[in-house]
Amino acid sequence: MEECISVFDMLKIGVGPSSSHTLGPWRAAERFLEELKNESILDRIKRVKVDLYGSLSLTGKGHATDLAVMLGLSGQDPEYIPVDNIAGIIKTIEDTNEIILGNAYKIPFYFLQDIVFNKEFLPFHANGLKFTAYQEDDSEYESTFYSIGGGFVVKEERENAKIKEVIKCAFPFPIQNAVELLNYTISENKLISEIVYENEKSMRPEAEIHSELMRIWTTMLECMYIGCHTGGILPGGLHVRRRAFDMHQNLIGLSNYSSPQTWLEEIRKTEVKFRQILKWVSCFALAVNEVNASLGRVVTAPTNGSAGVIPAVLMYYLVIENHNAGEKEIKQFLMVAGEIGSIFKKGSTISAAMGGCQAEIGVSSSMAAAALCELMGGSPAQVLMAAEIAMEHHLGLTCDPIGGLVQIPCIERNTMGAIKAINAAELALETDSKNAKVPLDKVIDTMWQTAKDMNSKYKETSEGGLAIAVNMADC
């Protein structure tokens, strides 16, 4: 039986800047607290130490891994914490040398000593972290987690965990690869989004599916809105100036609006020449990833580093292609995107630490291309072709963030991924799927082989590429 991955596993609301280096460690800390509760020892802990390994150590500072761990140990939820509270919580921990474990038990915590950056890699995955809790009787409790991309966290007994998950999750249309998905659409005479919807209904009520999909879109829209209306310099020391604000001002002119939704309506009234379309799509993507780089709230899609692609392409459809589109199309888009992302996760990786940036921007572009293609009237075969085209032209893309920050080249790459997604969808719509030469499953296999062949210095370590060609002093 195949692994069941929900749309809501692939599209998760959280805090930037990184799904694997921020959201994942944050969730790992939450799971560690849960283990301590289950062992009935949470109230007996006198000290906690966290060891970060591999990519989490090498780029952890730039990706706020240490901050995420502290917030997770404090019992904060990345999905709901007011982002304006984050700085204050961290400052209190640093000033008092204390942490309120699980938001219940105050213990000493010296973040410079109790969070240890170890450059060596653990054998199971590039993103490893180990928690050690010291009890009052001097006994220790250890637990090791791996952040495998997209906010997903596993322990080394991953295969057993998968088996347990599959037993309690039986989709009516279990999907492991693109061929299976296509076969279901043929046998059931359904669109890809309709197959996905049937699977989702096996897990939760229809009203909940609707409300959660719309909550995801609302978060995306608000993120674009915030990014387009916030100027200044991004944090982190690279002195990167936000560009979405100025670009947006030049595009929107003197329009009047008072909310994200009325803003969307005003954009529909603007000029839609080719250059303006390019600028709008780029502006939307820039806005999201500038918010992400500032520890703002984003939707992991499928990662934080690539969070701008899917909202930018969906916004393009809403404000350029179809002014009558609404909740139906939004939900359809998100379900298709989520399913394509899950197939990549099963067949390859969505972790830059394992596969380079092809695993993030490449996958997000593929997800967006497929979703757009269905909304534009593409057949299921054309939808899968769009996904394949988008990934084919991201193969080999490295992850080499300067200073370990999700700023250069990460923010601009989202604009490129979004534009490629639109291009891929259009190419697929103009192609007879019977003439396709490269199936989606083959490009996913190729991506994984490319990931395995890629030198580790190009996998989110900041030890190669632009990360060493351009140093902090140059910026």
With sequence neighbours left out, the residues meeting salt bridge (Lys or Arg N to Asp or Glu O under 4.0 Å) with Glu222 are none
Partner of Val363 under side chain to side chain contact (heavy atoms under 4.5 Å, CB included), picked from Met10, Met447, Gln358, His394, is Met447
Hits for side-chain hydrogen bond (donor to acceptor under 3.5 Å, both in side chains) against Thr22, two or more places apart or cross-chain, chain-then-number order -> none
Only residue of Asn304, Thr303, Thr59 satisfying side-chain hydrogen bond (donor to acceptor under 3.5 Å, both in side chains) with His21 is Thr59
By salt bridge (Lys or Arg N to Asp or Glu O under 4.0 Å), Asp77 pairs with (sequence neighbours left out) Arg27
Asp95 meets the salt bridge (Lys or Arg N to Asp or Glu O under 4.0 Å) criterion, sequence neighbours left out, with Lys91
Q. Within 45° of the axis and under 6.0 Å from the centre of the six-membered ring of Phe145, does NZ or CZ of Lys130 qualify?
A. no
Handout entry: Salt bridge present between Lys155 and Glu35 (N-O < 4.0 angstrom)
Key = yes
Requested in this report: Considering only NZ, NE, NH1 and NH2 on the basic side and carboxylate oxygens on the acidic side, decide whether Asp138 and Lys46 come within less than 4.0 Å.
Outcome: yes
- Query: Can Glu79 and Arg215 be counted as an ion pair, charged N to O under 4.0 angstrom?
  - Reply: yes
Notebook entry, point to check: Should Asp453 and Gln449 be marked as a side chain to side chain donor-acceptor pair (under 3.5 Å) after you check the CA-CA gap, both sets of side-chain angles, and the distance that decides it?
Noted result: CA-CA 6 Å; Asp453 291 341; Gln449 187 59 54; 3.2 Å; yes
Are Lys345 and Phe152 in a cation-pi contact, defined as NZ or CZ under 6.0 Å from the six-membered ring centre and within 45° of the axis?
-> yes
Residues passing the salt bridge (Lys or Arg N to Asp or Glu O under 4.0 Å) test with Glu426, sequence neighbours excluded, are none
Applied to residues 400-417, the side-chain hydrogen bond (donor to acceptor under 3.5 Å, both in side chains) test, sequence neighbours excluded, yields Arg243-Glu412, Asn289-Asn414, Asp400-Arg413
